[in-house]
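Scroll down for the structure; my scribbles are underneath it.
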Amino acid sequence: MMDMLIALFIFVFGLIFGSFFNVVGLRIPQNTFLSSSRSACASCQQTLHWFELIPVFSFLLQQGKCRHCQQKISLLYPIVELITGLGFMLSYLMLGLSIDFILALFLVSLLAIIIVTDYSYMLIPNKILLFFLPVFVLLRIIHPLEPWWSSIIGSAIGFGLLALIILLSKGGMGAGDMKLLGLLGIVLGFPYILLCFFIATLYGLLLSTIVLFKNGFKKKKEVPFGPAIMLGALTTFYFGENMVQAYINLFW
Ligand SMILES: [Zn+2]
């Protein structure tokens with residue numbers, strides 16, 4: 001009972017953070033993050049009231065439209081808020097209050113921000129990666145992998161693997177994806193960074209297929225790979241050990 005109350009509290013907490021990550025993701029690439037301007041409608045620039053800024057609920061109450069100009073509000077906002085809320089709650093339910101829980105919160109946060117930047121601008125800002133780098137290093141010093149240098153190998157392999165793919169494929173994946181996989185190597189270590197990349201590829205294919213169907217196969221639309229990498233990282237972080245164990249039990 002107490003557990004469910006804490007989980008609910010963490011979910012609401014996540015919704016609020018998700019709302020913040022929308023702002024971070026939209027403003028950091030435009031260097032307007034530190035400007036004190038309040039949130040405004042993307043269409044009519046009308047400054048929004050507090051009751052128009054309640055995560056998910058405002059969107060539902062206004063049926064996805066601006067109260068002033070009736071223009072549609074991007075579905076990205078409530079989706080990012082929900083993903084953050086659910087991700088925070090799932091992290092608590094799976095990991096309890098632990099250092100791994102804190103690591104998971106940061107991974108979910110990075111996922112939310114990268115969904116916004118990669119879908120809105122097709123990029124993963126260096127500023128974001130440079131914010132998370134010391135956080136992940138510090139958490140991995142407090143709570144190291146076994147062995148500790150697994151983080152270093154994982155990071156080098158994540159970075160190197162995508163560098164190789166970028167060299168060979170000329171397109172599809174960018175430098176941002178490469179730096180991101182290097183960063184995640186610190187958290188996941190070796191060999192889990194490879195499992196992360198494998199799962200990310202599956203998510204990437206799935207997302208591309210969905211976009212293809214939504215577009216009615218009309219024209220080829222570039223689907224960002226950053227969110228797929230983050231989903232792969234989270235899946236690996238939550239379930240990696242169990243997946244490897246199940247695989248070994250099946251085939252050995
Ligand atoms: Zn408006």
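Numbering of ligands and ligand atoms starts at 1, following listing order. The figures that follow rest on heavy atoms only: side chains count, while hydrogens, waters and symmetry mates do not.
A tilted orientation is assigned to the rings of Tyr247 and Phe251, their planes being inclined by 30° to 60°.
Among residues two or more places apart in sequence or in another chain, the side-chain hydrogen bond (donor to acceptor under 3.5 Å, both in side chains) test is passed with Asn249 by none. Applying the side-chain hydrogen bond (donor to acceptor under 3.5 Å, both in side chains) criterion to Tyr119, with sequence neighbours excluded, gives no partner residue. Under the rule for a side-chain hydrogen bond (donor to acceptor under 3.5 Å, both in side chains), Tyr77 has no partner lying at least two apart in sequence or in another chain.
Listed by chain and number, the protein N, O or S atoms at a distance under 2.8 Å from the Zn ion (ligand 1) are Cys41 SG, Cys44 SG, Cys66 SG, Cys69 SG.
With contacts defined as side-chain heavy-atom distances shorter than 4.5 Å, the pair Cys41/Cys69 qualifies.
No option in Leu180, Val223, Ile124 other than Ile124 meets the side-chain contact (heavy atoms from CB on, under 4.5 Å) test with Asp118.
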